[in-house]
**Student:** 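Mind looking over this structure? Questions follow.
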Amino acid sequence: MASIREILSRDPDGATVVVKGWVRTKRETKGTVFLELNDGSCFRNVQCVFDAATLDANSRNALERAGTGAAVAATGSLVSSPAAGQTLEVKASALELIGEADPETYPLQKKQHSFEFLREIAHLRPRTNTFGAVARVRNRMAFAAHSFFQERGFQYIHTPIITASDAEGAGEMFQVTTLDLDAIAKGGKSVDYARDFFGKRSYLSVSGQLNVEAYCMALGSVYTFGPTFRAENSNTTRHLAEFWMIEPEIAFAELPENMELAEDFLKRLLSSALDDCAEDLEFFDKRIQSGLRESLEAVRSSKFAHMSYTDAVAELEKRKDSFEFKPFWGCDLQTEHERFLTEQVVKGPLIVTDYPKELKAFYMRANDDGRTVRAMDVLVPRIGEIIGGSEREYRYDALVGAMKAKGLDPAAYGWYLDLRRYGTAPHSGFGLGFERLIRWVTGMENIRDVIPFPRAVKQAEF
RNA sequence: UCCCCUGUAGCUCAGCUGGCAGAGCAAGUGGCUGUUAACCACUGGGUCUGGUGUUCGAACCACCACGGGGGAGCCA
């Protein structure tokens with residue numbers, strides 16, 4: 001059986017084809033019925049044309065009951081279409097109704113639905129234009145990410161999802177337990193984690209970075225691409241409790257090389273979207289966010305701007321009055337600051353480097369000035385921070401000092417410190433939020449609409 | 001966690017100062033010789049999110065709960 005994508009690429013030579021898919025719309029005139037089928041293989045539908053008078057009873061009955069959402073198989077010949085709107089169509093001679101969709105109750109109609117409504121039927125929304133396109137782009141972006149790294153000799157490392165380290169320092173964690181919480185609550189006793197599955201408290205990982213650093217110090221260029229869990233009580237269009245993160249880590253590399261990698265990586269992903277998902281992107285450009293393609297094209301052919309945190313703050317201070325939060329050296333860059341820098345100052349992606357050490361994690365390489373670290377955040381217009389990375393602190397004493405300064409116990413990081421004790425070397429890496437990338441590439445506003453089944457605060461349906 | 005908005009038909013919404021529950025789309029039926037957001041006509045469709053209160057009378061006012069959205073913080 002050929003996919004609709006494949007069928008639509010053929011010549012209209014009258015050959016017999018069987019199209020299996022789901023009915024998107026049905027249009028009827030007295031003698032002719034038009035059925036548009038989609039099978040998810042591409043954005044476009046294939047139009048099947050039925051002459052009711054020439055159909056046998058079975059097909060006529062199937063056609064009558066084939067409403068929006070029904071699964072059907074149409075048999076006919078592939079011909080060029082006499083009407084505008086499509087070049088090819090299937091002149092159908094038979095229709096089989098595979099799975100009915102009662103039009104009285106099927107929630108999807110042949111009209112536009114709000115994303116809020118579609119979120120409530122997440123199991124059916126992939127059957128819409130928008131969510132089908134999102135899924136295809138998402139797939140392609142994952143493929144492009146692997147291709148990019150594999151072509152450059154990076155090794156894909158599977159870092160653990162469960163961790164017993166409660167101090168990875170990247171946010172609230174979900175606790176994992178096999179203890180019977182109901183029984184413990186009823187018993188009124190305190191929890192004895194020694195009796196838990198791992199013999200101690202354990203959590204879902206908030207980052208694969210610390211683990212992948214170990215493999216970086218053995219295999220050179222490595223990356224992770226896996227699910228990540230954050231139990232933050234954040235309710236925004238850009239946070240999820242469960243999301244996918246890509247984290248490359250490169251050995252013997254300092255910050256400039258890291259920035260170059262991040263820029264090459266993002267450009268490669270954009271190129272793949274523009275070239276490999278042209279049809280889907282055309283839809284996003286037309287219906288979701290106008291000017292999308294042009295802005296992605298512009299990024300692809302631009303050079304990312306670079307700015308130190310200190311210079312960024314100086315830039316912001318010039319326009320102090322236009323901000324709700326007044327910028328000052330040492331402040332965290334607010335959303336409004338990030339947007340100003342990317343959308344007004346550099347009008348494109350911006351890499352901000354060398355943040356005050358107080359704002360960043362313990363593992364970042366300290367600069368000689370004693371007050372900044374070699375961090376780099378990639379900010380993009382509309383989205384804000386899409387990548388957070390750094391050169392890592394590879395000097396044992398400096399790393400222990402940074403831990404203590406942050407109130408962390410070096411003893412809890414024994415194996416991580418071993419990496420600095422034996423054959424340590426400069427290395428750098430970053431984390432890319434995959435869903436944020438998809439938001440950027442598709443123009444979709446809400447991060448819950450670029451992952452199939454979103455998990456967020458008070459939201460774990462489906 | 002904080003701030004703001006919102007909840008009325010399957011969907012998107014209107015509903016004035018408190019006085020008989022509305023529209024468009026969808027669905028059903030009929031019509032139409034090729035439609036493509038098809039078109040035309042007709043029909044059915046409601047616990048106005050839930051609770052409590054105020055009132056002769058509540059979709060509308062007050063309070064509480066729940067759901068949805070947006071913004072901020074946290075971050076990827």
Side-chain angles (χ1 to χ4, degrees), chain A residues 24-36 44-53 64 67-69 79 81-86 89 91 101-121 128-129 168-172 206-209 224 227-247 262 287 324-325 331-339 359-361 377-380 383-389 430-440 445-451 456-459 461:
Chain A
R24 280 295 176 81
T25 77
K26 176 160 78 167
R27 292 180 294 270
E28 292 178 83
T29 65
K30 182 163 193 174
T32 314
V33 179
F34 301 89
L35 220 51
E36 277 198 42
R44 279 181 293 164
N45 305 326
V46 66
Q47 173 168 279
C48 300
V49 188
F50 297 84
D51 180 358
E64 236 165 68
T68 303
V79 299
S81 178
Q86 60 282 314
E89 66 184 24
K91 190 172 156 53
D102 180 2
E104 295 278 3
T105 56
Y106 185 60
L108 292 173
Q109 303 166 359
K110 48 183 190 178
K111 55 169 275 188
Q112 287 199 357
H113 289 288
S114 67
F115 292 145
E116 291 81 2
F117 171 67
L118 292 172
R119 256 169 243 151
E120 292 169 10
I121 49 167
T128 63
N129 284 335
E168 292 184 13
E172 294 296 312
V206 294
S207 165
Q209 181 200 316
T224 72
T228 305
F229 306 90
R230 305 260 169 104
E232 299 289 348
N233 186 11
S234 51
N235 212 300
T236 75
T237 56
R238 56 192 185 282
H239 289 88
L240 290 167
E242 178 183 293
F243 64 98
W244 291 68
M245 188 152 65
I246 298 170
E247 296 172 290
R287 294 296 178 83
E324 193 185 333
F325 293 89
C331 78
D332 241 326
L333 293 184
Q334 306 290 317
T335 300
E336 58 175 339
H337 300 152
E338 293 179 355
R339 294 197 66 157
L359 297 181
K360 292 295 183 183
D377 285 359
V378 181
L379 313 178
V380 300
I383 304 296
E385 183 180 345
I386 197 167
I387 279 178
F430 61 81
L432 169 100
F434 191 56
E435 285 75 17
R436 289 189 177 177
L437 173 85
I438 306 300
R439 274 183 81 210
W440 187 28
E445 292 286 347
N446 196 317
I447 200 165
R448 296 170 195 204
D449 295 332
V450 297
I451 189 168
V457 186
K458 299 267 192 287
Q459 185 171 45
E461 289 300 308

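Labels below follow one simple rule: chain letters A, B, ... track the order of the sequence lines, proteins then strands, and each chain is numbered from 1. Both backbone and side-chain heavy atoms feed into the values below; hydrogens, waters and symmetry mates do not.
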**Student:** Under 3.5 Å for both donor-acceptor distances, Watson-Crick or wobble: does B:G46 have a partner, and if so which one?
**Tutor:**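 Answer to the pairing question: none, since B:G46 forms no Watson-Crick or G-U pair.
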
**Student:** Quiz question: going by heavy-atom distance under 3.5 Å, is there a donor-acceptor pair between the base of B:C11 and the side chain of A:H113?
**Tutor:**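 No.
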
**Student:** In whole angstroms, how far is the P atom of B:G31 from the CZ atom of A:R27?
**Tutor:**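 The answer, rounded to whole Å, is 21 Å.
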
**Student:** Please determine if a side-chain N or O atom of A:S207 lies less than 4.0 Å away from the OP1 or OP2 oxygen of B:A76.
**Tutor:**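 No, outside the criterion.
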
**Student:** Between A:Q334 (CD) and B:C75 (C1'), how many Å, whole number?
**Tutor:**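 Whole-Å distance recorded here is 13 Å.
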
**Student:** Would you mind reporting whether A:V49 and A:K91 have side-chain heavy atoms less than 4.5 Å apart?
**Tutor:**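 The answer is no; the side chains never approach within 4.5 Å.
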
**Student:** If I take atom NE2 in residue A:H239 and atom C1' in nucleotide B:G73, what distance separates them, rounded to the nearest angstrom?
**Tutor:**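 It is 9 Å, rounded to the nearest whole Å.
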
**Student:** Measure the distance from CD on A:Q109 to P on B:C13 and round it to the nearest whole Å.
**Tutor:**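 From A:Q109 CD to B:C13 P: 13 Å.
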
**Student:** When both hydrogen-bonding distances must be under 3.5 Å and the geometry is Watson-Crick or G-U wobble, what is B:C20 paired with, if anything?
**Tutor:**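 Pair assignment: B:C20 / none.
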
**Student:** Can you check the A:N233 CG to B:C74 C1' distance for me, whole Å?
**Tutor:**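 Rounded to whole Å, this separation is 10 Å.
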
**Student:** Has the side chain of A:Q112 got a donor or acceptor atom sitting under 3.5 Å from an opposite partner on the base of B:U12?
**Tutor:**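 Result: no qualifying N/O pair found.
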
**Student:** What is the distance, rounded to the nearest whole Å, between atom CD of A:E461 and atom P of B:G67?
**Tutor:**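 In whole Å, B:G67 P and A:E461 CD are 11 Å from each other.
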
**Student:** Find the distance A:H337:NE2 to B:G71:C1' and express it as a whole number of Å.
**Tutor:**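 After rounding, the gap between these two atoms is 15 Å.
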
